[in-house]
Amino acid sequence: MYSSVITAIVHGICSIPVLVEADVSDGMPMFEMVGFLASEVKESKERVRTALKNSGFRLPPKHITVNFTPANIRKSGSGFDLPVAMAVLVALGELEEQKLKDMLIIGEVGLNGKTQPVAGILPMVSEAKERGITRCMVPKENVREAMLVSGMEVYGADSIKMAVEILRSDEYQPSSGIYNIEETAHTEEILDFADVHGQKLGRRACEVAVSGMHNLLLIGPPGAGKTMLASRISTILPKLTEQEQMELSKIYSVSGMFSKREKLMGARPFRAPHHTITVQGLAGGGIVPKPGEISLAHKGVLFLDELPEFQRNSLEILRQPMEEKKISLVRLNGSYEYPADFMLVAAMNPCKCGYYPDMQKCSCTKSSIERYLGKISKPLLDRIDICSEASALSYRELSRKKEEETSEVIRRRVEAAQEIQRERYRGEEFCYNSQIPAGRIQEFCGLDRRQERNMEQIYQRLGLTARSYHKILKVARTIADMDESNRILDRHLNEAVCYRSMDKKYWEKAGK
């Protein structure tokens with residue numbers, strides 16, 4: 001007898017439908033599985049055989065064949081156990097095939113017949129709904145995650161035995177999927193910009209960077225407050241849209257970091273990996289590919305503290321995602337694409353001891369400073385829109401009682417600036433100034449003749465590249481939006497140029 005069950009696999013953060021076909025016929029007793037299977041899927045037949053026995057279902061001495069289609073896509077992951085078990089039981093006549101029609105089934109099974117949770121439930125159930133499937137069966141631990149998809153009837157099974165009972169009986173009522181959106185409780189944030197005393201330039205740089213979603217580098221001596229500023233950037237980011245929440249939740253679901261959540265992710269991520277992280281940890285990958293830190297920071301902040309301490313090849317892997325807003329991984333078993341639309345925020349000391357260019361305090365040699373700063377390549381620096389100096393605080397700045405602006409006040413200004421950008425770029429494929437394509441710079445960041453002559457001199461004096469020149473114009477456009485100005489004025493352009501002069505002060509000065 002023939003049967004088929006619908007399931008799915010995760011590819012990147014997307015889902016690919018898979019049909020599990022089972023056929024039970026006379027012949028030499030055998031249980032074989034075909035269809036371009038990874039090792040963990042091949043082992044599924046032994047888990048299923050034993051799990052069925054321990055659940056009270058003995059396989060007869062028949063020839064059992066299980067096929068996974070489409071055959072040209074490699075099947076990996078542990079979520080095929082339950083659909084294989086259900087397909088075999090239907091083929092044996094234990095279940096009616098009509099009960100499984102248009103039902104998505106996903107789940108891992110232990111030898112005792114109990115189901116185990118799997119990663120990636122949200123994208124699989126979400127895309128199943130887009131294909132017209134309205135029912136799904138998942139491990140009981142994954143029910144809450146599956147319920148985040150609106151209009152989906154979700155059945156949670158804690159074992160093969162319970163799954164069979166659900167399909168045989170009408171007593172079990174499904175849980176209805178509810179598109180539940182988590183509100184970010186900004187008012188309950190522990191971190192706040194009000195805690196940062198002094199650092200007027202650093203605070204301004206953070207606000208400009210977030211307003212246009214520009215990449216930011218903070219440089220200065222130890223203890224100046226670079227990390228303190230960076231860690232509070234997430235408190236002035238606007239709320240996620242519904243589409244962004246679902247996309248971000250899918251990434252965390254595939255990563256196995258979404259368990260026991262009852263709502264979609266509502267807060268923009270702030271990821272701060274240690275400098276010992278590997279290339280794979282940043283970019284993603286592995287035997288079973290998973291998103292890396294740059295994808296986990298999607299629509300949020302990737303903070304790299306002590307930037308020169310990171311491995312150089314780890315830093316260089318950031319260059320392409322910073323431009324393309326995605327990371328493409330090519331592996332033996334296929335190519336995978338993960339979103340990587342993040343805002344890079346980095347902090348660093350100017351040298352090993354941290355006090356360069358103050359040579360009265362700095363104890364480093366010229367060659368040591370060159371080696372330290374040389375860990376940050378010119379192409380990577382070119383991709384950083386804003387570089388701001390965090391100077392050491394005086395006692396008066398640190399001890400004064402003046403109340404600083406709160407994150408809530410700054411965030412309202414940021415939201416106003418971003419709303420101007422969304423209106424300007426309505427209908428375009430981008431929505432922030434930092435994403436303006438090079439071919440349309442003149443359209444959105446045009447200068448008058450006098451400003452162009454000034455920029456020509458600045459271009460020669462600072463030794464800018466085409467990319468860094470475009471970065472200046474994009475930042476100037478953001479500063480103009482913060483002032484609600486239709487045109488880029490001289491003061492906007494001058495401030496943007498100042499944010500590109502730090503490499504002249506540190507990198508070029510150290511090389512002389």
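Treat the numbers as computed from the prediction; the structure is a model and nothing was measured. Values below: all heavy atoms of this structure, side chains included; hydrogens, waters and symmetry mates excluded.
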Residue of the set Ile294, Ile13, Leu248 for which side chain to side chain contact (heavy atoms under 4.5 Å, CB included) holds with Pro339: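 Of the listed options, the one satisfying the test is Ile13.
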Only one of Ile233, Asp385, Leu344 clears side chain to side chain contact (heavy atoms under 4.5 Å, CB included) with Leu216; which?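 For Leu216, the side chain to side chain contact (heavy atoms under 4.5 Å, CB included) check succeeds only for Ile233.
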Does [X] reach the side chain of [Y], with side-chain heavy atoms less than 4.5 Å apart?
| X | Y | value |
| --- | --- | --- |
| Gln280 | Leu329 | no |
| Ser335 | Ser328 | no |
| Glu108 | Glu40 | no |
| Ser234 | Arg268 | no |
| Glu428 | Gln435 | no |
| Val41 | Arg74 | no |
| Ile327 | Gln320 | no |
| Met322 | Leu380 | yes |

Drop me the distance from [X]'s [atom1] to [Y]'s [atom2], to the nearest 0.5 angstrom.
| X | Y | atom1 | atom2 | result |
| --- | --- | --- | --- | --- |
| Met348 | Leu217 | CE | CG | 6.5 Å |
| Met257 | Leu296 | CE | CG | 5.0 Å |
| Ile9 | Ile106 | CD1 | CD1 | 11.5 Å |
| Ile376 | Phe310 | CD1 | CZ | 9.5 Å |
| Leu218 | Met228 | CG | CE | 13.5 Å |

So, are [X] and [Y] salt-bridged, with charged N and O less than 4.0 Å apart?
| X | Y | result |
| --- | --- | --- |
| Arg500 | Asp382 | yes |
| Glu207 | Arg413 | yes |
| Glu316 | Arg319 | yes |
| Arg422 | Glu419 | yes |

Between Leu302 and Leu318, does a side-chain contact (heavy atoms from CB on, under 4.5 Å) hold up when you go through it step by step? CA-CA 11 Å; Leu302 177 66; Leu318 296 172; 4.0 Å; yes
Chi angles and distances behind the side chain to side chain donor-acceptor pair (under 3.5 Å) call for Gln116, Ser78: CA-CA 9 Å; Gln116 305 293 330; Ser78 58; over 6 Å; no
Ignoring hydrogens and angles, tell me if any N or O in the side chain of [X] forms a donor-acceptor pair with the backbone of [Y] under 3.5 Å.
| X | Y | answer |
| --- | --- | --- |
| Glu127 | Ser15 | yes |
| His470 | Thr465 | no |
| Ser407 | Phe193 | yes |
| Asn313 | Val279 | no |
| Ser249 | Met265 | yes |
| Gln199 | Ala224 | yes |
| Glu415 | Arg412 | no |
| Gln421 | Asn433 | yes |
| Asp305 | Thr227 | no |
| Arg411 | Thr235 | yes |

Specify the closest pair of heavy atoms between [X] and [Y], including all atoms of both residues, with the distance to one decimal.
| X | Y | answer |
| --- | --- | --- |
| Ile369 | Cys364 | CG1-CB, 3.7 Å |
| Thr276 | Gln311 | O-NE2, 4.2 Å |
| Leu473 | Leu447 | CD2-CD1, 3.7 Å |
| Leu191 | Ser231 | CD1-O, 3.4 Å |
| Pro321 | Phe342 | CB-CE2, 4.2 Å |
| Met246 | Leu148 | CE-O, 4.3 Å |

Would you sort out whether Glu429 and Lys325 count as a salt bridge (charged side-chain N to carboxylate O under 4.0 Å, His left out), showing the intermediate values? CA-CA 12 Å; Glu429 295 182 355; Lys325 307 303 181 184; over 6 Å; no
From CA spacing to verdict: side-chain contact (heavy atoms from CB on, under 4.5 Å), Asp341, Met213: CA-CA 10 Å; Asp341 185 4; Met213 296 304 284; over 6 Å; no
Working note: His214 + Thr478, criterion side chain to side chain donor-acceptor pair (under 3.5 Å); need CA distance, chi angles, decisive distance, verdict. CA-CA 9 Å; His214 300 284; Thr478 296; 2.7 Å; yes
Applying salt bridge (charged side-chain N to carboxylate O under 4.0 Å, His left out), which residue pairs with at least one partner in residues 220-232 are found, sequence neighbours left out?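 Listed by first then second residue: Asp195-Arg232.
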Partners passing ring-ring contact (aromatic ring centres under 6.0 Å, His included) against Phe303 (at least two apart in sequence or in another chain):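 Result, ring-ring contact (aromatic ring centres under 6.0 Å, His included) vs Phe303: Phe270.
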Determine, stepwise, if the pair Cys445 / Ile488 fulfils side-chain contact (heavy atoms from CB on, under 4.5 Å). CA-CA 7 Å; Cys445 307; Ile488 296 177; 4.0 Å; yes
CD (Glu484) with more than 12 external heavy atoms under 6.0 Å: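 At most 12 heavy atoms, drawn from other residues, nucleotides or ligands, come within 6.0 Å of this atom.
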More than 12 foreign heavy atoms under 6.0 Å from NZ of Lys375: is that the case here?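 Enclosed: over 12 neighbouring heavy atoms sit under 6.0 Å from NZ of Lys375.
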How about Ser295 and Lys290: does a side-chain donor come under 3.5 Å of a side-chain acceptor?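 Note: Ser295 and Lys290 side chains miss the donor-acceptor criterion.
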Is there a side-chain contact (heavy atoms from CB on, under 4.5 Å) between Val196 and Glu404 once you walk through the steps? CA-CA 7 Å; Val196 181; Glu404 301 287 354; 6.0 Å; no
Assess the residue pair Arg426 and Glu423 against the criterion (salt bridge (charged side-chain N to carboxylate O under 4.0 Å, His left out)); give the C-alpha distance rounded to whole Å, side-chain angles, the decisive distance to 0.1 Å, and a yes or no. CA-CA 5 Å; Arg426 189 176 297 279; Glu423 286 297 322; 2.3 Å; yes
Geometric class of the Phe430/Phe444 ring pair [parallel <30°, tilted 30-60°, perpendicular >60°]: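 Plane angle over 60°, so perpendicular.
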